[in-house]
Participant: 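First the structure, then my questions, so here it is.
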Amino acid sequence: MIPFLDLKAINAQYRDELIEACTRVIDSGWYIAGNELSQFEQAFASYCGTKHAIGVANGLDALILTLRAWKELGKLKDGDEVIVPSNTYIASILAISANDLVPVLVEPDLGTYNLCPAKTEAAITAKTRAILSVHLYGQLADMPAIMNIAQRHNLLVLEDSAQAHGASAIDNNGKSKKAGNWGDASGFSFYPGKNLGALGDAGAVTTNDDELAETLRALRNYGSHEKYKNLYQGTNSRLDEIQAAILSVKLKHLDGETAHRRKIANAYIEGINNPAVVLPLNASSLALESHVWHLFVIRCEQREALQKHLLEHGVQTLIHYPIPPHKQQAYKEWNMDSYPVSEMIHRQVMSLPMGSTITDDQVASVIAVCNSFKAVN
């Protein structure tokens, strides 16, 4: 069986370094808010090109706390509208709802699966105060266009970079900028299966805003900027020392892993030629650095049959995601709404094996099995 993602093999590459990092933390006697966290925050901010990285407990908290901080700073208030893709993992939307803000769902661009700039601008109302742009599957949204829209309408921009560690694009000044350095702030997840994954839950916020960073550091720590003094009614959302130490090890290898993911994606795109399979990009687009291939997502009208065919031939796949947010019971007030592009995507998408330890032979096998699938007319 070719696994969809072999986390054991991925982490085995760095086993000695990871054990040394954990041992260092254990022997230090300091397990929360110590040197390991500070060093990782500095390293990750430098990697993203931002002034600040604030470690938090997970990726959802990164989004929730950023929106909460903007409320504390008077930049948002209850009932304000936040534009968000209708095609996303539900966490992007949960963060908005958790802050008593109003999610406004916008259909994606079918070519990228990310926010469509034209539809985003058309959705802006007098109540719109922010755009939450998700870099889905590892590809940057069209951030130059989205930032132009935000500037014209005086909107905040929060990037959901949970799947896009290291993705980059050229800004309007000809400068390369990574995910996390485009908007006013960005939320990252370091869930174990992410391109930069911890060995448990972990997350971070990146920003160039000093006031926002200071507010976030307090909010993640019970609202306290100084021990036993509480500025806000905060929460406990801290990235612990062991996870920070692990992430520092794995950050050093992230670009190498990304290069391998791009090699796999290129092979899939050049090798899969079954007309029943819709590929995510054409080969010429791979020169761009905007995609780090957290997931390699194909579409097929006969998805269930294709997935069964792949499994029978030893290829494990997953579906990201089978149910769009507006069809979830958690948002039952939206269940009768129609977002046809998102609904079609969620009916047809399937993710092929992708990761830094997949071999050339395994890639060739996945390609061969995809090409041997016979669609039923």
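Reckoned from all heavy atoms, side chains included, excluding hydrogens, waters and symmetry mates.
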Participant: Take Asn195 and Leu254 through the side-chain contact (heavy atoms from CB on, under 4.5 Å) test and state the conclusion after the steps.
Facilitator: CA-CA 7 Å; Asn195 290 27; Leu254 177 57; 4.1 Å; yes
Participant: side-chain contact (heavy atoms from CB on, under 4.5 Å) between Leu310 and Phe373: does it pass, once the steps are laid out?
Facilitator: CA-CA 8 Å; Leu310 286 161; Phe373 174 68; over 6 Å; no
Participant: Has Glu211 got more than 12 heavy atoms of other residues, nucleotides or ligands less than 6.0 Å from its CD?
Facilitator: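 Counting other residues, nucleotides and ligands, CD of Glu211 stays at 12 neighbours or fewer.
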Participant: If you link I, L, V, M, F, W and Y whenever their side-chain heavy atoms are under 4.5 Å apart, who else ends up in the same group as Ile149?
Facilitator: Ile83, Val104, Val106, Leu115, Ile124, Ile131, Leu140, Met143, Ile146, Met147, Leu155, Val157, Trp182
Participant: Under 4.0 Å between a Lys/Arg side-chain N and an Asp/Glu carboxylate O for Lys263 and Glu257?
Facilitator: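 Result for this pair is no, no salt bridge flagged.
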Participant: So Pro353 and Pro3, do their side chains get closer than 4.5 Å, heavy atoms only?
Facilitator: no
Participant: Going by an N to O cut-off under 4.0 Å, is there a salt bridge joining Glu36 and Arg24?
Facilitator: yes
Participant: Do Asp109 and Lys119 meet the salt-bridge criterion of a basic N to acidic O distance under 4.0 Å?
Facilitator: no
Participant: For Asn335, does the CG atom have more than 12 heavy-atom neighbours from other residues, nucleotides or ligands under 6.0 Å away?
Facilitator: yes
Participant: Heavy atoms only: give me the nearest Leu37-Glu241 pair and the separation to one decimal.
Facilitator: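 Where Leu37 meets Glu241 most closely, the heavy atoms are N-OE2, 2.9 Å.
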Participant: Quick check: are there more than 12 heavy atoms from other residues, nucleotides or ligands sitting under 6.0 Å from CZ of Arg15?
Facilitator: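 Counting other residues, nucleotides and ligands, CZ of Arg15 stays at 12 neighbours or fewer.
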Participant: Counting only heavy atoms not in Tyr331, do more than 12 fall under 6.0 Å of its OH?
Facilitator: yes
Participant: Indicate yes or no for a side-chain donor-acceptor contact from Asn181 to the backbone of Lys177 under 3.5 Å, with no hydrogens or angles considered.
Facilitator: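 Checked: no pair found.
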Participant: Provide the closest heavy-atom pair for Leu247 versus Ala202 in the form atom of the first, atom of the second, distance.
Facilitator: CD1-CB, 4.2 Å
Participant: Go through the steps for Lys374 and Asn274 under the test side chain to side chain donor-acceptor pair (under 3.5 Å), then give the verdict.
Facilitator: CA-CA 9 Å; Lys374 305 295 184 184; Asn274 190 326; over 6 Å; no
Participant: Kindly say whether Lys229 contributes a backbone atom to a donor-acceptor pair with the side chain of Ser224 at under 3.5 angstrom?
Facilitator: yes
Participant: For Tyr339 and His326, take the angle between the two ring planes, folded into 0 to 90°, and tell me which bin it lands in: parallel under 30, tilted 30 to 60, perpendicular over 60.
Facilitator: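 Answer is perpendicular, since the angle exceeds 60°.
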Participant: Are the charged groups of Lys71 and Asp78 less than 4.0 angstrom apart, N to O?
Facilitator: yes
Participant: Same cluster or not: Ile319 versus Val278, using hydrophobic residues (I, L, V, M, F, W, Y) connected whenever any side-chain heavy atoms lie under 4.5 Å apart?
Facilitator: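 No.
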Participant: Could you go step by step and tell me if Arg262 and His291 meet the side chain to side chain donor-acceptor pair (under 3.5 Å) rule?
Facilitator: CA-CA 8 Å; Arg262 287 176 172 149; His291 212 318; over 6 Å; no
Participant: Using 30° and 60° as the class limits, which term best fits the ring planes of His253 and Tyr14: parallel, tilted or perpendicular?
Facilitator: parallel
Participant: Going by an N to O cut-off under 4.0 Å, is there a salt bridge joining Lys178 and Glu289?
Facilitator: no
Participant: Can you confirm whether Glu41 sits close enough to His52 that some side-chain heavy atom of one is under 4.5 Å from a side-chain heavy atom of the other?
Facilitator: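 Of all side-chain heavy-atom pairs linking His52 with Glu41, none is under 4.5 Å.
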Participant: Show your working on side chain to side chain donor-acceptor pair (under 3.5 Å) between Asn172 and Asn148 and close with a plain yes or no.
Facilitator: CA-CA 9 Å; Asn172 293 325; Asn148 285 342; 3.1 Å; yes
Participant: Determine whether Arg238 and Asp240 satisfy the following criterion, side-chain contact (heavy atoms from CB on, under 4.5 Å), listing intermediate values before the conclusion.
Facilitator: CA-CA 6 Å; Arg238 298 178 299 208; Asp240 68 64; over 6 Å; no
Participant: Is the backbone of Asn87 close enough, under 3.5 Å, to the side chain of Tyr321 for a donor and an acceptor to pair up by distance?
Facilitator: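 Looks like no, no N/O pair under 3.5 Å.
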Participant: Show the nearest heavy-atom pair for residues Val56 and Arg220, with the distance to one decimal.
Facilitator: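 Answer, listing the atom of Val56 first, then Arg220: CG1-CB, 4.3 Å.
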Participant: Compare every heavy atom of Ile93 with every heavy atom of Pro325, then report the nearest pair and how far apart it is.
Facilitator: CB-CD1, 3.4 Å
Participant: Under 6.0 Å between ring centres: does that hold for Phe296 and Phe4?
Facilitator: no
Participant: Indicate the atoms forming the closest heavy-atom contact of Ala185 with Val205, along with that distance.
Facilitator: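 Smallest heavy-atom distance, with atoms named: CB-CG1, 4.3 Å.
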Participant: Considering residues, nucleotides and ligands other than Met336, do more than 12 of their heavy atoms fall under 6.0 Å from its CE?
Facilitator: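 Counting neighbours around CE of Met336, 12 or fewer heavy atoms of other residues, nucleotides or ligands fall under 6.0 Å, so no.
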Participant: Checking Asn114 side chain against Gln139 main chain: does a donor-acceptor pair fall under 3.5 Å?
Facilitator: yes
Participant: Under 30°, 30 to 60°, or over 60°: which ring-plane class applies to His313 and His309, parallel, tilted or perpendicular?
Facilitator: tilted
Participant: Please check this pair: side chain of Ser186 against backbone of Glu159, looking for a donor-acceptor N/O pair closer than 3.5 Å.
Facilitator: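 Looks like yes, one N/O pair under 3.5 Å.
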Participant: Does the pair Glu17/Lys252 count as a salt bridge with the N-to-O cut at 4.0 Å?
Facilitator: yes
Participant: Using the ring-ring contact (aromatic ring centres under 6.0 Å, His included) rule, pick out the option among Tyr47, Phe188, Trp293 that qualifies with His165.
Facilitator: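 Among Tyr47, Phe188, Trp293, the one that satisfies the ring-ring contact (aromatic ring centres under 6.0 Å, His included) with His165 is Phe188.
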Participant: Check this for me, if you would: do Asp61 and Arg68 make a salt bridge, where the nitrogen-to-carboxylate-oxygen distance has to be below 4.0 angstrom?
Facilitator: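 Salt bridge: no.
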Participant: Tell me whether Tyr89 shares a hydrophobic cluster with Met354, the cluster being built from Ile, Leu, Val, Met, Phe, Trp, Tyr side chains joined at under 4.5 Å.
Facilitator: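 Different clusters: Tyr89 never reaches Met354 through Ile, Leu, Val, Met, Phe, Trp or Tyr contacts under 4.5 Å.
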Participant: Backbone N or O of Ser176 within a donor-acceptor pair of the Asp171 side chain at under 3.5 Å?
Facilitator: no
Participant: Do other residues, nucleotides or ligands put more than 12 heavy atoms under 6.0 Å from the CD atom of Gln328?
Facilitator: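 Yes, enclosed.
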Participant: Counting N and O atoms only, with roles assigned by atom type, does the side chain of Ser46 sit under 3.5 Å from a partner on the main chain of Ala43, one being a donor and the other an acceptor?
Facilitator: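 Side chain of Ser46 to backbone of Ala43, a donor-acceptor pair under 3.5 Å: no, none is there.
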Participant: Does the Tyr137 side chain pair with the main chain of Val297, one donor and one acceptor, at a distance under 3.5 Å?
Facilitator: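 Checking the backbone N and O of Val297 against the side chain of Tyr137, no donor-acceptor pair under 3.5 Å is found.
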Participant: Test side chain to side chain donor-acceptor pair (under 3.5 Å) on His135 and Asp160 and set out the steps.
Facilitator: CA-CA 6 Å; His135 307 317; Asp160 183 340; over 6 Å; no
Participant: Taking Trp70 for its side chain and Glu72 for its backbone only, find out whether a donor-acceptor pair lies under 3.5 Å.
Facilitator: no
Participant: Verify, without hydrogens or angle tests, whether Asp80 (side chain) and Lys77 (backbone) share a donor-acceptor contact under 3.5 angstrom.
Facilitator: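 Yes; at least one donor-acceptor contact below 3.5 Å.
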Participant: Should we count CD of Glu312 as having more than 12 external heavy atoms under 6.0 Å?
Facilitator: yes
Participant: Quick one: closest heavy-atom pair of Gln13 and Ser356, and the distance?
Facilitator: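 Gln13 and Ser356 have their closest heavy atoms at NE2-OG, 3.5 Å.
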Participant: Below 4.5 Å, heavy atoms only, C-beta onward: do Asn11 and Leu18 meet side chain to side chain?
Facilitator: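 In contact.
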